[in-house]
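Order of the sequence lines sets the chain letters (A, B, ...), proteins ahead of strands, with each chain counted from 1. Values below: all heavy atoms of this structure, side chains included; hydrogens, waters and symmetry mates excluded.
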Amino acid sequence: MQIYDSVQKTKLPFEPIHKGKASIYVCGPTVYDDAHLGHARSALAFDLLTRTLKVLGYTVTLAKNFTDIDDKIIKKVQQSGKSMEEITSFYIARYLEEMDALGVQRADIEPKATESLHAIEAMIQTLLDKDFAYRISNGDVYFDTSKDSAYGTISHQVGQDDENQSRVAHTEEKRNPKDFALWKACKNEEEICFETAFSAGRPGWHIECSAMIEKHFSGTENYSIDIHGGGADLLFPHHENEAAQSRCATGHELAKYWMHNGFVQIDGEKMSKSLGNSFFLKDALALYDGEVLRYYLNSVHYRNDFNFSEQELQVAKKRLDKLYRLKKRVSPGTPSQVNSVFKKALLDAMGDDLNISIALATIDEMVAATNEALDSSPQNKALKKEALANIAFIDALLGFGGKEPFSYFQIGVDEALKMKIQTMLNERSEAKKAKDFARSDAIRDELTHLGISIMDTAEGTLWEKV
RNA sequence: GGAGCCAUCGCCAAGCGGUAAGGCCGCAGCCUGCAAAGCUGCUAUCCCCGGUUCAAAUCCGGGUGGCUCCUCCA
């Protein structure tokens with residue numbers, strides 16, 4: 001397995017700190033609002049990573065956090081009159097539901113900031129004791145970036161702050177412009193406040209990830225975990241700061257490999273709430289099947305930016321349809337062995353920093369080759385069984401193609417319509433038998449208007465929802 | 001102002017020094033009562049200008065264009 005490490009900016013062979021195991025921590029969402037397609041893409045990218053590692057034989061432990069203490073959540077509490085818990089539990093449940101619809105496997109550990117306060121407090125205390133952090137007059141605790149000689153080595157954004165150009169707001173008592181809050185003391189009007197030895201308040205943004213990782217992973221003398229992942233926007237300052245805290249608190253590096261996914265863009269611009277161009281996952285799922293969205297959002301390499309377009313989504317659906325048509329053609333049956341050449345090609349592709357384009361091309365070629373072979377020997381049972389095994393393998397590795405193929409093409413068609421379609425098909429078949437082609441074609445046109453496309457085969461007429 | 005990423009067929013997209021994968025669209029065929037589906041065949045020298053090399057889309061230098069980070073952000 002080769003992984004592109006964003007710190008070293010090169011592909012590296014994956015050599016886990018514990019043989020045969022992979023520990024992964026991915027930055028999850030701040031739960032104050034619905035997830036958008038960008039959250040989906042990140043979740044999907046790391047889902048591909050964990051699935052690939054699992055198929056390659058690694059025992060994977062994946063942690064993905066929920067940030068449930070945050071300024072934006074507090075703001076929402078104040079505006080809505082609801083409790084923080086009500087708000088965060090609502091969005092966490094919604095997030096998980098939507099990710100399920102996309103076929104994202106659940107993380108093994110889903111830590112929350114509110115459940116990690118002891119670990120957070122302990123780490124801040126350690127940093128204070130070791131003199132890597134300082135407390136200012138209002139009770140805030142800051143990390144002193146000047147004490148960490150390795151600060152900047154993660155994001156390579158060491159650059160000495162040009163006072164005039166930096167967009168970072170300078171707090172009077174901060175010793176260095178890049179110092180960041182580990183702990184924010186509560187100013188009286190705030191509702192949430194946790195007692196600690198240094199002050200009553202709440203954690204800064206970066207500390208929770210570091211603390212959770214220490215809490216849940218054993219690590220080694222060199223690293224806490226194997227892979228740390230997240231969106232490209234988190235590289236600086238979030239991951240730089242996480243790395244600094246952990247390094248100074250534990251005496252070793254946080255992660256051996258750092259992976260960052262590219263953005264989902266709309267019209268060539270990053271999708272973000274501040275730009276107001278967000279496409280919420282719930283809206284997308286109302287329009288498109290989760291599996292199609294999954295295929296689409298994963299169809300471009302995770303490190304590239306992804307420009308969302310409905311036309312391309314339709315192209316993705318067509319490609320997925322072809323796989324399911326093959327599955328329909330070889331069903332029902334019991335899968336035999338995955339074709340070894342096919343299996344190797346897929347694993348080689350995904351093992352190369354998740355080269356999904358090669359993987360999808362490999363699948364397209366397998367589908368075409370199988371269809372061709374089936375054209376010349378339609379009754380070849382062994383071929384069909386192998387195809388079923390191949391498709392099951394695709395499902396395990398990439399997370400699509402797992403549905404029953406006839407139902408895949410009937411998503412969104414209710415029972416009444418199914419009955420009607422069957423009646424029309426029966427009538428058409430009678431008309432065809434009687435060589436009344438005008439009538440049979442008229443029925444086909446009617447079905448087309450209903451959004452149903454039909455195909456005559458040796459086994460009878462099949463239909464699909466377009 | 002600082003730090004990066006990217007630029008390949010009409011569209012999406014691989015390629016990581018050895019002579020351009022795959023998908024969509026289009027065209028021509030096979031199949032079909034006609035279609036649909038499926039299959040076959042056809043369609044690019046890689047933003048521009050220099051350089052390195054026997055050999056470059058791939059490396060180096062300079063342009064041009066787009067995006068991102070330095071503020072919450074997947």
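- The nearest whole Å value for the distance from the CG atom in A:D267 to the C1' atom in B:G66 is 13 Å.
- Using the Watson-Crick or G-U wobble rule with both distances under 3.5 Å, B:U64 pairs with B:A7.
- RNA chain B lies under 4.0 Å from at least one heavy atom of each of the following residues of residues 420-434 of chain A: A:R428, A:K432.
- Remark: A:V55 pairs with A:L347, A:F393, A:L397 by the side-chain contact (heavy atoms from CB on, under 4.5 Å) rule, at least two apart or across chains.
- Atom NZ of A:K75 sits in a sparse spot, with 12 or fewer heavy atoms from other residues, nucleotides or ligands closer than 6.0 Å.
- Nearest nucleotide to the A:K11 side chain, out of B:C16, B:G38, B:C72: B:C16.
- Among the heavy atoms of the strands lying under 4.0 Å from A:K318 are primed sugar atoms or P, OP1, OP2 only; no base atom is included.
- In terms of the side-chain contact (heavy atoms from CB on, under 4.5 Å) criterion, residue partners of A:I358 (sequence neighbours excluded) are, by chain and number, A:A349, A:N355, A:T362.
- Partners of A:K112 under the salt bridge (Lys or Arg N to Asp or Glu O under 4.0 Å) rule, at least two apart in sequence or in another chain, are A:E115.
- Sorted by first and then second residue, the pairs that involve residues 23-43 of chain A and meet ring pair (Phe, Tyr, Trp, His ring centres under 6.0 Å), not counting sequence neighbours, are A:Y25-A:H228, A:H36-A:H39.
- Counted by atom type alone, A:K64 and A:Y95 present one or more donor-acceptor pairs between their side chains at under 3.5 Å.
- A stacking contact between A:F263 and B:A74 is absent: the pair does not combine a ring-centre distance of less than 5.5 Å to the base's six-membered ring with planes differing by less than 30°.
- If you take atom C1' in B:U64 and the same atom in B:U19, they sit 28 Å apart, rounded to whole Å.
- The same atom, P, is picked in B:U53 and in B:C60; the two are 16 Å apart, to the nearest Å.
- As judged by a 4.0 angstrom heavy-atom cut-off over every strand, A:H238 is placed among residues making no nucleic acid contact.
- Partners of A:L388 under the side-chain contact (heavy atoms from CB on, under 4.5 Å) rule, at least two apart in sequence or in another chain, are A:K327, A:V330, A:S331, A:P335.
- As judged by a 4.0 angstrom heavy-atom cut-off over every strand, A:F236 is placed among residues touching the sugar-phosphate backbone only.
- Straight-line distance from the NZ atom of A:K327 to the C1' atom of B:A37: 19 Å, rounded to whole Å.
- The side-chain contact (heavy atoms from CB on, under 4.5 Å) with A:Y296 is formed by just one residue from the set A:R319, A:K317, A:E312, A:Q314; it is A:E312.
- For B:A44 and B:C5, the P atoms lie 32 Å apart once the distance is rounded to whole Å.
- With sequence neighbours left out, the salt bridge (Lys or Arg N to Asp or Glu O under 4.0 Å) criterion links A:K72 to A:D70.
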Would you please test A:C186 and A:C193 for disulfide (SG to SG under 2.5 Å) and show each step? CA-CA 6 Å; A:C186 51; A:C193 239; 1.8 Å; yes

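- Residues A:S210 and A:E242 have side chains that never bring a donor and an acceptor to within less than 3.5 angstrom of each other.
- For A:R444 against B:C34, a side-chain-to-base donor-acceptor contact under 3.5 Å is present.
- Here A:G231 lies in heavy-atom contact (under 4.0 Å) with sugar-phosphate atoms only.
- Counting any heavy atom pair closer than 4.0 Å across all strands shown, A:S357 reaches a base atom.
- Residue whose closest nucleotide on RNA chain B sits further toward the 5' end, between A:G268 and A:D321: A:D321.
- B:C69 and B:G2 make up a base pair, with Watson-Crick or G-U wobble contacts both under 3.5 Å.
- Regarding A:H260, its NE2 atom lies at a distance of 22 Å from the P atom of B:C67, rounded to whole Å.
- B:U68 and B:A56: their C1' atoms are spaced 28 Å apart (whole Å).
- Nearest to the side chain of A:K72, among B:G23, B:A74, B:C72, sits B:C72.
- The aromatic rings of A:H238 and A:H206 sit tilted, their planes meeting at an angle between 30° and 60°.
- Separating the P atom of B:U45 from that of B:U8 is a span of 14 Å, rounded to the nearest Å.
- Within residues 308-316 of chain A, the residues having any heavy atom under 4.0 Å from RNA chain B are, by residue number, A:E312, A:V315.
- Residues passing the side-chain contact (heavy atoms from CB on, under 4.5 Å) test with A:R428 are A:K432, A:S440, A:I443, A:R444, A:I454, A:D456, A:T461, sequence neighbours excluded.
- Taking atom P in both B:C49 and B:C54, the straight-line distance is 23 Å, to the nearest Å.
- For the contact set between residues 449-466 of chain A and RNA chain B, defined by any heavy atom under 4.0 Å, the members are A:I454, A:M455, A:D456.
- Contact between the side-chain N/O atoms of A:K178 and the OP1/OP2 oxygens of B:C70 is not found at any separation under 4.0 Å.
- Relative to the ring axis of A:F409, A:K465 does not place its NZ or CZ within 45° and under 6.0 Å from the centre.
- Rounded to whole Å, the separation between the P atoms of B:G38 and B:U43 comes to 22 Å.
- Atom CG in A:L234 sits about 14 Å away from atom C1' in B:C70, given to the nearest Å.
- Residue A:D348 contributes atom CG, which lies 16 Å from atom C1' of B:G15 at whole-angstrom precision.
- With 3.5 Å as the limit, one finds no donor-acceptor pair spanning the side chains of A:E110 and A:N65.
- B:G15 and B:C30 have their P atoms separated by 38 Å, with the value rounded to a whole Å.
- Rounded to whole Å, atom C1' of B:A13 lies 17 Å from atom OH of A:Y302.
- Look at CG on A:D441: it is 8 Å from C1' on B:G33, rounded to the nearest Å.
- Tested against A:E427, the residues A:R439, A:K420, A:K433 include a single salt bridge (charged side-chain N to carboxylate O under 4.0 Å, His left out) partner, A:R439.
- When the C1' atom of B:A13 is taken as reference, atom CG of A:L297 falls 15 Å away, rounded to whole Å.
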Heteroatom pairs (N/O) under 3.5 angstrom, protein to nucleotides 39-43 of chain B:
| residue | atom | partner | partner atom | Å |
| --- | --- | --- | --- | --- |
| B:C39 | O4' | A:D375 | OD2 | 3.2 |
| B:U40 | OP1 | A:E372 | OE1 | 3.4 |

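- Contact annotation: A:R325 reaches the phosphate of B:G38 (side-chain N/O to OP1 or OP2, under 4.0 Å).
- Applying the 6.0 Å contact sphere to NZ of A:K282 captures more than 12 heavy atoms from other residues, nucleotides or ligands.
- Checked by distance alone, A:N355 brings no side-chain donor or acceptor within 3.5 Å of a matching partner on the base of B:G15.
- Using modelled atom types and a 3.5 Å distance limit, the side chains of A:R329 and A:N371 yield a donor-acceptor pair.
- For the pair A:R202 and A:F194, the cation-pi criterion (under 6.0 Å, within 45° of the ring axis) is not fulfilled.
- In this structure, A:V264 reaches the bases: a heavy-atom distance under 4.0 Å links it to at least one base atom across the strands shown.
- Taken residue by residue, residues 87-108 of chain A places no heavy atom nearer than 4.0 Å to RNA chain B.
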